[in-house]
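So the structure is just underneath, and the comments pick up after that.
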Amino acid sequence: MLTVPGLCWLCRMPLTISHWGVCSVCTRSFQTRTPCCPQCGLPATSVHIPCGRCLQKPPPWDALVAIDDYVQPLSGLIHKLKFSRQTQLAAPLARLLVLAVLHARRTRNLPAVDLLISVPLHHRRHWRRGYNQSEVLCHPLAHWLRCSYHPVALKRTHATAIQHQLSARLRKRNLKNAFRLELSVKGRHIAIVDDVVTTGSTVAELSRLLLQSGAATVQVWCLCRTL
């Protein structure tokens with residue numbers, strides 16, 4: 001909980017609009033992040049054209065939008081949201097992501113989406129945590145961007161090992177056939193929403209599933225892209 005109502009979560013200065021959660025100065029600081037490839041989200045020389053990695057072997061999604069790298073102070077807020085049950089952080093973090101998406105639409109001609117899909121948790125992990133951190137981000141995102149969101153569009157069919165404890169090779173094997181689509185996505189323009197994208201194995205597996213099921217385009221939106 002906020003120790004004093006109406007303070008910025010990052011710099012602790014008073015907020016003009018308290019429910020924003022992050023002040024305008026801290027918000028602007030995220031707009032100076034390292035130039036990254038518009039497709040994979042990794043450091044690159046241009047933010048407008050795919051990097052050499054993507055030209056040789058593009059990821060299965062069309063574009064990636066992130067607020068920042070997984071570093072302080074943003075990583076600390078994500079940790080509180082994910083592991084400390086501080087779900088009141090969802091709206092301020094979702095607002096930062098909305099601003100990143102709108103900036104990408106202006107500067108990268110990123111098309112609008114009509115459906116949001118959150119990365120699902122297995123039901124046992126969901127029960128232990130009490131909520132899905134990607135899901136609580138999607139509710140305000142869908143409201144502000146006026147697009148659809150279906151919390152049960154994807155299901156995790158079996159419990160998998162925790163991704164951040166595995167190597168990149170084992171992450172891919174860990175996710176094989178781990179998801180099932182519960183919604184028709186034919187012709188839809190979709191954004192997959194996650195808190196942190198590290199190797200991209202999870203969102204890649206979901207992107208392939210959505211595209212094989214007829215999705216027109218798939219974007220990845222995340223709070224942080226580990227660089």
Side-chain angles (χ1 to χ4, degrees), residues 8-11 20-23 25-44 47 51 53-54 59-105 107-108 110 113 116-121 125 129 131-141 144-145 162-168 171 175 191-207 218-227:
C8 173
W9 278 93
L10 298 178
C11 69
W20 280 8
V22 178
C23 72
V25 175
C26 291
T27 298
R28 284 196 296 271
S29 70
F30 294 117
Q31 297 174 358
T32 59
R33 67 187 298 255
T34 303
C36 292
C37 170
Q39 189 165 9
C40 69
L42 293 174
V47 298
C51 65
R53 295 177 297 265
C54 290
W61 62 81
D62 297 283
L64 185 144
V65 178
I67 300 169
D68 202 358
D69 185 14
Y70 189 65
V71 293
Q72 291 288 359
L74 194 57
S75 60
L77 297 186
I78 295 171
H79 193 273
K80 290 177 182 178
L81 170 67
K82 195 170 181 177
F83 300 112
S84 300
R85 297 180 178 269
Q86 297 198 33
T87 54
Q88 65 270 36
L89 276 165
L93 289 171
R95 176 180 170 270
L96 292 176
L97 185 51
V98 164
L99 294 175
V101 169
L102 295 178
H103 179 73
R105 288 182 181 176
T107 60
R108 293 161 43 185
L110 196 69
V113 302
L116 301 185
I117 288 182
S118 53
V119 174
L121 295 176
R125 191 171 297 165
R129 185 171 295 168
Y131 57 92
N132 178 348
Q133 69 278 1
S134 299
E135 183 176 325
V136 297
L137 291 169
C138 279
H139 287 291
L141 286 171
W144 292 330
L145 294 172
I162 298 173
Q163 285 289 92
H164 67 256
Q165 297 177 351
L166 303 175
S167 66
R171 287 179 186 223
L175 293 167
I192 300 170
V193 178
D194 203 2
D195 55 344
V196 181
V197 171
T198 306
T199 65
S201 298
T202 300
V203 291
E205 184 70 17
L206 294 176
S207 297
V218 176
Q219 299 175 25
V220 174
W221 297 355
C222 57
L223 301 178
C224 291
R225 173 58 156 128
T226 301
L227 304 182

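All residue numbers refer to positions in the sequence shown, counting from 1. Since the structure is predicted, the reported quantities are computational estimates derived from the model, not experimental observations.
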Report task. Compare all side-chain heavy atoms of Ile67 with those of Leu74 and state whether any distance is below 4.5 angstrom. Result -> yes
Requested in this report: Check step by step if side chain to side chain contact (heavy atoms under 4.5 Å, CB included) holds for Arg108 and Val65.
Outcome: CA-CA 10 Å; Arg108 293 161 43 185; Val65 178; 4.2 Å; yes
Requested in this report: Check whether any side-chain heavy atom of Leu121 lies under 4.5 Å from a side-chain heavy atom of Gln133, and answer yes or no.
Outcome: yes
Query raised in the report: Backbone N or O of Val218 within a donor-acceptor pair of the Asp62 side chain at under 3.5 Å?
Result: yes
Report summary line: Cys37 and Cys54 have their tightest heavy-atom pair at SG-SG, 3.7 Å
Requested in this report: Compare all side-chain heavy atoms of Leu141 with those of Val193 and state whether any distance is below 4.5 angstrom.
Outcome: yes
Query raised in the report: How many angstroms lie between atom CG of Leu227 and atom SG of Cys36, to the nearest 0.5 angstrom?
Result: 5.0 Å
Report task. Verify, without hydrogens or angle tests, whether Asp69 (side chain) and Val71 (backbone) share a donor-acceptor contact under 3.5 angstrom. Result -> no
Query raised in the report: Does Ile78 reach the side chain of Cys224, with side-chain heavy atoms less than 4.5 Å apart?
Result: yes
Query raised in the report: With a 4.5 Å limit on heavy-atom distance, are the side chains of Gln86 and Trp9 in contact?
Result: yes
Query raised in the report: Does any N or O in the side chain of Arg225 come within less than 3.5 Å of the main-chain N or O of Thr198, such that one atom is a donor and the other an acceptor?
Result: yes
Query raised in the report: Measuring from Gln72:CD to Leu10:CG, what's the distance to the nearest 0.5 Å?
Result: 9.5 Å
Query raised in the report: Given side chains that start at C-beta, do those of Cys51 and Leu42 come closer than 4.5 Å, heavy atoms only?
Result: no
**Report entry** Trp61 side-chain N/O to Gln39 backbone N/O, donor-acceptor pair under 3.5 Å
**Finding:** yes
Query raised in the report: Does any non-hydrogen side-chain atom of Leu137 lie less than 4.5 Å from one of Leu223?
Result: yes
**Report entry** side chain to side chain contact (heavy atoms under 4.5 Å, CB included) between Val47 and Thr107, intermediate numbers included
**Finding:** CA-CA 9 Å; Val47 298; Thr107 60; over 6 Å; no
Query raised in the report: What distance do Ile117 atom CD1 and Ser207 atom OG have between them, rounded to the nearest 0.5 Å?
Result: 10.0 Å
Report summary line: For Leu89 and Leu81, the nearest pair of non-hydrogen atoms, with its separation, is CD1-N, 4.0 Å
Report summary line: Closest heavy-atom pair, Ala100 versus Ala66, reported as atoms and distance to 0.1 Å, is CB-O, 4.1 Å
Requested in this report: Please round to the nearest 0.5 Å and tell me the distance separating atom CZ of Arg129 and atom OG1 of Thr87.
Outcome: 12.5 Å
Query raised in the report: Which pair of heavy atoms, one from Cys40 and one from Arg53, lies closest together, and at what distance?
Result: SG-NH2, 4.0 Å
Query - Heavy-atom closest contact (Val113 atom, Arg105 atom, distance) - result: N-NH2, 3.8 Å
Query raised in the report: In Å, rounded to the nearest 0.5 Å, how long is the span from CG of Asp195 to OH of Tyr70?
Result: 8.0 Å
Query raised in the report: Quick one: does Arg95's side chain have a donor or acceptor within less than 3.5 Å of a partner on Pro140's backbone?
Result: no
Report summary line: So NZ of Lys82 and OG of Ser75: to nearest 0.5 Å the spacing works out to 12.0 Å
**Report entry** Sole residue of Ile192, Asp194, Leu145 in side chain to side chain contact (heavy atoms under 4.5 Å, CB included) with Trp221
**Finding:** Leu145
